[in-house]
**Q** 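Below is a structure I'd like to ask you about.
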Amino acid sequence: MLKVTNLECVRGENSLFKDINFILEAGELLQVNGPNGSGKTSLLRILCGLAKPAYGEIQWRGNFIHSLDEEYHSVITYLGHLNGVKDNLTAIENLCISCALAGNEIDEKKAYGALQYMGLGGREALPVKVLSQGQRRRVTLARLLVCSTVLWILDEPLVALDNAAVDLVQRLLEQHLEEGGMVVMTTHQEINVTAVLTKRLQLV
Amino acid sequence: MLKVTNLECVRGENSLFKDINFILEAGELLQVNGPNGSGKTSLLRILCGLAKPAYGEIQWRGNFIHSLDEEYHSVITYLGHLNGVKDNLTAIENLCISCALAGNEIDEKKAYGALQYMGLGGREALPVKVLSQGQRRRVTLARLLVCSTVLWILDEPLVALDNAAVDLVQRLLEQHLEEGGMVVMTTHQEINVTAVLTKRLQLV
Amino acid sequence: MNWASWSDFFAMGGYGFYVWGSYLVFLLCIIGEIVLIINRRRTLHKQLSLIHKATKQEMSNETTP
Amino acid sequence: MAINWFKYSSPPSFYSLAGKMIPLFSITSIVLFALGLYIGFFVAPTDFQQSEAYRIIFIHVPAAWMSMFLYLIMAGWAAIGLAFNTRLSSMIATAIAPTGAMFTFLALWTGAFWGKPMWGTWWVWDARLTSELILLFLYIGFMALQAAIDDPRRADKAGAVIALVGVVNIPIIYFSVKWWNTLHQGATVSLTQSPKMATTMLTGMLIMSLACWMYSIAVILMRTRTIILERERNTMWVSDLQGAA
Amino acid sequence: MFLWVIRRDLLLAMRQRADVLTTLFFFVIVVSLFPLGVGPEINMLRAMAPGVVWVAALLASMLSLERMFFSDYLDGTLEQMLLSPEPLSLLVLGKALAHWLVTGVPLALIAPILGVQFDLSIDALLVLTASLLLGTPILSLIGAIGAALTLGLRGGGVLVSLLVLPLYIPVLIFGAGAVEASSVGLGASAHLSLLGAFLLLSLVFAPWAAAVALRISLE
Amino acid sequence: MFLWVIRRDLLLAMRQRADVLTTLFFFVIVVSLFPLGVGPEINMLRAMAPGVVWVAALLASMLSLERMFFSDYLDGTLEQMLLSPEPLSLLVLGKALAHWLVTGVPLALIAPILGVQFDLSIDALLVLTASLLLGTPILSLIGAIGAALTLGLRGGGVLVSLLVLPLYIPVLIFGAGAVEASSVGLGASAHLSLLGAFLLLSLVFAPWAAAVALRISLE
Ligand code: HEM
Ligand SMILES: Nc1ncnc2c1ncn2[C@@H]1O[C@H](COP(=O)(O)OP(=O)(O)OP(=O)(O)O)[C@@H](O)[C@H]1O
Ligand SMILES: Nc1ncnc2c1ncn2[C@@H]1O[C@H](COP(=O)(O)OP(=O)(O)OP(=O)(O)O)[C@@H](O)[C@H]1O
Ligand SMILES: [Mg+2]
Ligand SMILES: [Mg+2]
């Protein structure tokens, strides 16, 4: 359903990667590997339309993503290196607002439930700045629980998480893939997710 | 000659380390190890007087360093995470100026020799911004060749260097230690320097 | 006693607006400052008790299983 | 005695001490305010020059005095914090600033409301008025700087530097009437006809000033307590306090 | 969703009151600098008051522009906004509006107090407030373009001033003109309606241009 | 070594000419905004010229303060300076002087041209330049304290203005006062010598205070 052909990315003066081709179907997971600076983040940003490739095409259900634009945005959820949470807002405010910005307004109860599930029970009303790094990451990841998008693009979702939280995320991904979702992700850590098909893409 | 007693460092609200004690004599190397965020940089900054410890004392040849102040500065060379080189100045200008700021004016010829030795021959007159990351680091390290200080405090000097440069730095350290100098350094890489005595300090 | 009547008192010899304008703002400032401090204290206490509860919950979670 | 001082300079003991002192100062200030206002409105006679408008003096002068005193005290505590690295004195300095700013604002406001009937204009750009305005900016700069710094220790020290640099303004305010020939004079009021009236007026003013002092101390202690709690939220004694509550 | 952006920015402004107040005080200080530089003659002060207040408003609004997108850029929220299914220009409009509510409106409300210090008449004070209320949203909207273009650039502060100050000039002329016209007894309505026209124009075009600029800066 | 700091900062300014020019353009634009805001009456313009030029100089000098330590802070040079065997206050003095040479002097030199637009007399123009040459180093010196205090803070730009503008006021009063005095025929020497006294005072105290502030900010 997501089809990538001959993708090339140029940053500065040198080409980071070229001739990337893959097709991702419902229920499939694509894991992008590579050392620091090999272009993983650049690829993910291109996939969700934040950056333009130097060459190549990306199709979603047969349409080029640059022609779909906002329609495409409503089927993807991208979580980047940065958390996108505001230090001065509480966890629950952050979750509600980031969902609303993603075009998916949720009520407090649902947000409360999601935070509870992510192990933040009792901390919903604290400003995020007093939370630890791992807890902040959990606030970000809580969005995955309440969003209803098909394609998840996750850049190092496991960073700063402890083992319990890593398990939680793995189960979340499995459930999403079982329901016919798709996931593109990078990680330097080991992860085991039972998907219909796990593809790997190695950048150098 | 460098004597540290009961050092404690507090950042924000929690204590990074406490009860650090060591003595460093002429010809000795102290290697500080520890995971990210364990306080290595904080320790080094305290050692050179850039930050104040929450508790404890540091003595240089029997005098407290905060009473020596500028006198102490003239016997140490500190190279931090940051390169302290200016993008818009050439390599040779950078070297001359940083030496002059350290109270040790050198002539162009000496600077030229040092850069040559660090493998930057032919690149002295280029603005640093066109150099690669490793080459910038070499410009910084060239200061070690021309300075005449006793105590070197080096924060991850090997970052971004290739094998040839790592060897160069190791030889430089050995020579300095043989001449009765002292070195305190951190590194995540393996290093083998033959010193009178290599001490290790593990932070957690 | 300086004032023949209450209206005399409020008129302040024709300068009522200025005198009462000053005193009123003085009063408002004082009340406002106290309210602000009490508010700040109350939100802080709320936060502290939330943290306290959360840590206590965690501690009991760790010890029970 | 010395040991006692030492004891109360630690935040937890200061916290409980301040808790006991606050009611004392609040009650005194309420009593003094009542007394001062009574004297100001019912005992002090009408001024022959300014009629009733002069009654603004009972808040204008205390507010103006407090604005300057509080700045000096704030800078003093901040300097102690900077020199001796004592946390508590820096916290007190931080707690003084909003109250000082409020009194500065009040001096300006009441001065303006006095100037309109007396000078015919709300504001003139004369030396004393301007320097008082600058004082307000200095307080606000101090608060803004501290608010912008997340690390409280750095905030304390940086605030101390700017507070100390700003101290030059205080003599300028105080002596501005002497150094420059300005519209603002202190003489009008003390020139009332009989010494008896001058004394009642003076007592009114002094009692109001004393009331402002007591009020300031009470409010500053309250704020210091809150700041102590905010900064020490991770320490044992605060969580013990929380557990007890 | 547009409302969510505004709501969020206002909430943030509430939590970081210091930032908002700093802009306001900058405005007050700059306005107060002029009498000190020019001297206390009340007639001259009165004549220059509209220009001074307006120039100070321009500068205050411009200096606070940096804040409009920068913290969202740093913490990744801006990326998320670019990926939102709503049109980006609507989001930008929301942010510009929030910026106006947080800087423009307080400026307009405090301006009469400053005007009193310059001995302006009641009429002139009213027109001053009205012209600021009409004009400051234009400043926020045009400023959004400049802020988006200089996002993450070194020396962004001075650069943004070079980009947007020239564009602010028409607003300055008609805004200050309105106050002057009313203080010499001519009606201010012509000037004010021109400002209104500018406002409409920038409401239509600026969000779109700023959205394009944002996409360029974030690529 | 003091000379090395100056030499280095001038060399850097030469290489990044855009930064220097931006400050200058900001000054020119702000001064030119006033006639637009106030209207074209030449008598009034002449009367307000000293104040306007001085306020613009204050703002331009203030906005360029951020640059004084910031890039050195980011790339680690400032740490090296703190570890230099020379006293830090001497280094700060060098940096403030370089800042003055790069911003203050060009401002003072271009001011007469702007003054001509306001129809100032030759005498007044000379005094304007002299007062700017005497006053701008004070701005750089006091500004160094503010820049050092706000190093690396969120919203540093507006904050530094809050901190230093109140302290700039005496310079503004006597600087603009000198020009006015000379244009009404009184001698400017009293004002200028007061400025000189300020300069001496700030030469003694400001580098020291800024050095303390730098140490605090870098800890
Ligand atoms: C906004 C305008 C004003 C400001 C900022 C202001 C500021 C001050 C300050 C700072 C002081 C205390 C200085 C000292 O203790 O010597 C003071 C005292 C005083 N002010 Fe004002 N003032 C203003 C307007 C007025 C007006 C309009 C009047 C009366 C016509 C007035 C009458 C007085 C008197 C009588 C004192 C007491 C002087 C003394 O005996 O110590 N003020 N004012
Ligand atoms: N504007 C630019 N100009 C020149 N080079 C750039 C630019 N932007 C990024 N690069 C380079 O492109 C490379 C790819 O970066 P990218 O963030 O995609 O790597 P990554 O695989 O995600 O690495 P990591 O594992 O560290 O996250 C890096 O080497 C970076 O230095
Ligand atoms: N102002 C501060 N407030 C709170 N915590 C801080 C502050 N400054 C630093 N820290 C924390 O102190 C810890 C020590 O940092 P430091 O730079 O000394 O680590 P390090 O051992 O050098 O790590 P690395 O290997 O990554 O260089 C970090 O966890 C950091 O988050
Ligand atoms: Mg990456
Ligand atoms: Mg480190």
**Q** CZ of E:Phe2: more than 12 outside heavy atoms within 6.0 angstrom?
**A**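 More than 12 heavy atoms, drawn from other residues, nucleotides or ligands, come within 6.0 Å of this atom.
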**Q** At a heavy-atom distance under 4.5 Å, which candidate from A:Cys96, A:Gly84, A:Gly49, A:Cys48 has the highest pair count against chain E?
**A**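 Sorted descending by pairs with chain E, the first entry is A:Gly84.
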**Q** Using heavy-atom distances under 4.5 Å, tell me whether A:Val85 contacts chain E through its side chain, its backbone, both, or neither.
**A**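 Only the backbone of A:Val85 comes within 4.5 Å of chain E.
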**Q** Under 4.5 Å heavy-atom distance to chain E, tell me which part of A:Ala100 shows up: side chain, backbone, both or neither.
**A**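 Both backbone and side chain.
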**Q** Could you grab the distance from atom CD1 of A:Ile97 to atom CG of E:Leu11, nearest 0.5 Å is fine?
**A**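 These two atoms lie 5.5 Å from each other.
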**Q** Given heavy-atom pairs under 4.5 angstrom as the criterion, report whether the side chain, backbone, both or neither of A:Ile76 touches chain E.
**A**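 For A:Ile76, the side chain is the part near chain E, not the backbone.
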**Q** Compile a table of inter-chain donor-acceptor pairs under 3.5 Å between chain E and chain A, counting both main-chain and side-chain atoms.
**A**
from	atom 1	to	atom 2	distance (Å)
E:Trp4	NE1	A:Glu105	OE1	3.3
E:Trp4	NE1	A:Glu105	OE2	3.1
E:Arg15	NH1	A:Asn88	O	3.0
E:Arg15	NH1	A:Glu93	OE1	3.0
E:Arg15	NH2	A:Glu93	OE2	3.1
E:Ser71	OG	A:Lys86	NZ	3.1
E:Asp72	OD1	A:Lys86	NZ	2.5
E:Asp75	O	A:Gly84	N	2.6
E:Asp75	OD2	A:Lys86	NZ	3.1
E:Glu79	OE2	A:Arg45	NH1	2.2
E:Gln80	OE1	A:Arg143	NH1	3.2
E:Gln80	NE2	A:Tyr78	O	2.6
E:Leu82	O	A:His73	ND1	3.4
E:Ser84	O	A:His73	ND1	3.2
E:Ser84	OG	A:Leu101	O	3.0
E:Leu218	O	A:Arg45	NH2	2.7

**Q** Given heavy-atom pairs under 4.5 angstrom as the criterion, report whether the side chain, backbone, both or neither of E:Leu78 touches chain A.
**A**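 It is neither, since no heavy atom gets under 4.5 Å.
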**Q** For residues 126-137 of chain E, run the donor-acceptor check on the side chains, cut-off 3.5 Å, and write out each pair with its distance to 0.1 Å, sequence neighbours left out.
**A**
from	atom 1	to	atom 2	distance (Å)
E:Thr129	OG1	E:Leu125	O	2.9
E:Ser131	OG	E:Trp54	NE1	3.2
E:Ser131	OG	E:Val127	O	3.3
E:Ser131	OG	E:Leu128	O	2.9
E:Thr136	OG1	E:Trp100	NE1	2.8
E:Thr136	OG1	E:Leu132	O	2.5

